[in-house]
Protein chains: 2
Amino acid sequence: MSDMPSCQFESRPRRIVIGAGGAQTDFCTTCSVRPTSVCSVIGPDDISRLSDAAVETIIPPGRGFIEEGAPATDFFNVTSGTVKLFKALPDGRRQITGFASPGHFLGLAVSDNYAFGAEAVDTVRVCRFSRDKMADLLDDFPKLERRLLEEASNELVAAQNQMLLLGRKTARERVASFLLDQMHASQLPGQESSGGRLHLPMTRGDIADYLGLTIETVSRTLSWMRSQGMIEVGKGYAITILSVPKLDVLAAGNT
Amino acid sequence: MSDMPSCQFESRPRRIVIGAGGAQTDFCTTCSVRPTSVCSVIGPDDISRLSDAAVETIIPPGRGFIEEGAPATDFFNVTSGTVKLFKALPDGRRQITGFASPGHFLGLAVSDNYAFGAEAVDTVRVCRFSRDKMADLLDDFPKLERRLLEEASNELVAAQNQMLLLGRKTARERVASFLLDQMHASQLPGQESSGGRLHLPMTRGDIADYLGLTIETVSRTLSWMRSQGMIEVGKGYAITILSVPKLDVLAAGNT
DNA sequence: CGCTCGATTGATTCTGTTCAAGAGGTGTGG
DNA sequence: CCACACCTCTTGAACAGAATCAATCGAGCG
């Protein structure tokens with residue numbers, strides 16, 4: 001790992017060639033998240049434009065790479081791992097506003113400064129775009145704008161759901177909603193149907209900060225759900241959902 | 001008013017002439033919120049396109065005009081009054097996700113169905129655009145897309161702030177944040193500096209549903225703030241902020 | 001005048017937090 | 001290989017903040 005100061009991360013230009021015999025100059029061509037990300041609107045002919053603008057960056061677990069309030073110099077596209085986005089109060093209280101998984105685009109903001117912080121949950125790989133390069137891409141590819149609007153709208157819907165959760169749901173309802181959301185998210189791309197088995201990359205503390213609860217309440221609630229036969233809590237970060245219907249009833253507010 | 005069934009509202013085509021001598025065909029030309037709304041990106045030459053697409057609608061206080069889950073047939077631009085946007089749980093618990101004031105655009109969503117409900121707080125006037133007409137405008141005016149993205153980004157920032165409020169702030173901090181937000185909102189356009197005097201159009205119940213509290217807690221907190229010399233609670237919906245610094249300290253989390 | 005509705009205030013309850021202790025797992029170094 | 005520190009998670013007991021239940025008050029209105 002590099003020995004750069006403070007809040008740093010490894011990065012390498014996007015065009016780097018892997019392997020000896022590879023004549024591969026465009027990472028984007030083989031990018032696994034391209035089909036589901038905003039990048040998909042840029043066609044095969046123009047893909048080099050994308051590769052030129054992007055810098056692949058690897059971020060180790062726990063490392064922050066967007067600081068709330070700092071100048072917004074870059075945009076990011078998550079290609080692997082999970083990122084937590086958060087806002088904090090001066091005294092340290094923290095609210096995680098969302099988890100970004102592969103394919104998610106980070107940095108939507110009009111302001112010159114980031115409105116939120118971002119930190120890697122596990123090992124994360126992102127494509128980094130400078131503000132300038134991003135502006136060029138937006139000028140040259142109108143479809144990109146529409147796609148970003150779509151992305152923003154989706155996040156807005158998610159944010160509204162989260163506001164309902166934080167403002168009006170009980171602890172049990174929150175945890176149930178969270179587990180179901182995670183299950184649905186894990187079933188999105190070409191992922192195998194996991195039979196209710198989840199691998200949550202984040203800690204109890206992260207879940208608590210996401211749900212507006214404390215670590216203890218999350219732990220207690222999970223234990224209660226286990227006692228009700230709704231879930232199975234495995235070692236590490238594994239949770240198995242045994243009864244989706246029971247969780248559904250809970251999440252909808254029928255305590 | 002038309003005699004349409006169920007959840008309806010008065011509406012009239014945008015081009016209607018007011019007054020006898022008026023040769024005015026483009027409402028949009030004289031629209032007071034055009035400069036600050038998404039419509040501003042459509043230049044004077046094309047303004048008739050806008051007027052043709054828009055239908056002005058007047059909505060009486062308390063009437064809903066967007067039903068959560070209903071087919072998303074229209075987009076709206078608020079021209080006067082205040083709209084509350086909300087989501088609800090099956091048992092009636094409700095979370096107001098935002099208040100839309102003049103200039104705000106409603107309907108950003110990718111889905112075919114509205115993700116939230118909307119209801120007039122006071123008498124509201126909106127410009128209604130059908131989905132089709134809106135799509136045409138988006139195709140013909142690329143700038144509109146960028147402007148909507150900007151709008152969506154702003155709402156996203158507001159949503160993240162609200163998540164922090166709902167997830168991590170105490171009742172006092174929530175109410176303080178709310179009052180300061182309302183004050184800033186009232187100082188935005190060409191509005192006269194009100195000397196801290198606010199006219200909140202919404203009821204205590206609306207404020208409670210917005211802040212994730214109960215009516216009683218909102219009332220008690222306002223009374224407490226009054227006892228601390230922070231605010232003055234007038235009749236009806238008037239509140240005067242006596243000490244912005246005190247509220248700032250509260251809102252930031254230094255209880 | 002009596003009705004309803006919204007707001008305020010009080011008394012009590014309860015959900016989730018805080019404080020505290022212990023269990024289980026992991027990595028380090030002797 | 002084991003002792004130790006460290007971390008996360010779990011569980012228990014006491015506490016606190018907001019919700020709930022309830023009564024009163026005032027304004028608007030038929």
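Every heavy atom of this structure was used, including side-chain atoms; hydrogens, water molecules and symmetry mates were not. Throughout, a chain's letter reflects where its sequence line sits, starting with A, and its residues are numbered from 1.
- The stretch residues 218-225 of chain A touches DNA chain D through A:Ser219, A:Arg220, A:Ser223, each having a heavy atom within less than 4.0 Å of the strand.
- The shortest non-hydrogen separation linking A:Thr79 to A:Val126 is OG1-N, 3.9 Å.
- Here C:dT15 presents its P atom at 19 Å from CG of A:Leu166, a figure rounded to the nearest Å.
- With rounding to whole Å, B:Lys169 atom NZ is found 18 Å from D:dG17 atom P.
- Between A:Gln228 and A:Arg172 the shortest side-chain heavy-atom distance does not fall below 4.5 Å.
- As a whole-Å value, the separation of A:Arg172 CZ from C:dT15 C1' is 10 Å.
- Under 4.0 angstrom from either OP1 or OP2 of D:dT8 there lies no side-chain N or O belonging to A:Thr203.
- Side chain of A:Thr214, nearest nucleotide from D:dA18, D:dA19, C:dT17: C:dT17.
- In plain terms, the two heavy atoms of B:Ala252 and A:Leu89 that are nearest each other are O-CD2, 3.9 Å.
- One interatomic measurement links the two molecules: CD of A:Glu173 to C1' of C:dT15, which rounds to 12 Å at whole-angstrom precision.
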Exercise for the section: Decide yes or no on side-chain contact (heavy atoms from CB on, under 4.5 Å) for A:Met183 and A:Leu180, but give the supporting numbers first. Expected result: CA-CA 5 Å; A:Met183 193 187 68; A:Leu180 291 171; 4.2 Å; yes
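- A salt bridge is absent between B:Arg174 and B:Asp181; no separation between the charged side-chain nitrogens and carboxylate oxygens falls under 4.0 Å.
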Completion exercise
The contact string for nucleotides 22-30 of chain D, one letter per nucleotide 5' to 3', using protein heavy atoms under 4.0 Å with B, S and - for base, sugar-phosphate only and none, comes out as -----S---
Handout entry: Candidate pair B:Thr97 and A:Leu164, rule side-chain contact (heavy atoms from CB on, under 4.5 Å), full reasoning
Key = CA-CA 8 Å; B:Thr97 57; A:Leu164 177 62; 6.0 Å; no
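- Taking atom CG on B:Leu200 and atom C1' on C:dA7, their separation rounds to 14 Å, with Å as the unit.
- Summarising the geometry, the separation between CG on B:Leu250 and P on D:dG17 is reported as 14 Å, rounded to the nearest angstrom.
- Residue B:Arg94 contributes atom CZ, which lies 15 Å from atom P of D:dA19 at whole-angstrom precision.
- Toward the 5′ end of DNA chain D lies the nearest nucleotide of A:Ile215, the other residue of the pair A:Ile215 and B:Leu213 mapping further downstream.
- B:Arg226 comes within 4.0 angstrom of sugar-phosphate atoms only, judged by non-hydrogen atoms across all strands, and of no base.
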Practice task
Evaluate the criterion side-chain contact (heavy atoms from CB on, under 4.5 Å) for residue pair A:Phe178 and A:Ile207; output intermediate values, then yes/no.
Solution key: CA-CA 8 Å; A:Phe178 172 72; A:Ile207 297 174; 3.8 Å; yes
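- In this structure, CD1 of B:Ile239 is placed 13 Å from C1' of C:dT8, rounded to the nearest angstrom.
- Closest to the side chain of B:Arg204, from the set D:dA18, C:dT17, C:dA7, is C:dA7.
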Exercise for the section: Please lay out, stage by stage, how A:Ile66 and A:Phe76 fare under the test side-chain contact (heavy atoms from CB on, under 4.5 Å). Expected result: CA-CA 10 Å; A:Ile66 293 180; A:Phe76 302 85; 3.7 Å; yes
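- Between B:Arg168 and C:dG16 there is no side-chain N or O to OP1 or OP2 distance below 4.0 Å.
- No donor-acceptor pair closer than 3.5 Å links the side chain of A:Gln95 to the backbone N or O of A:Ala88.
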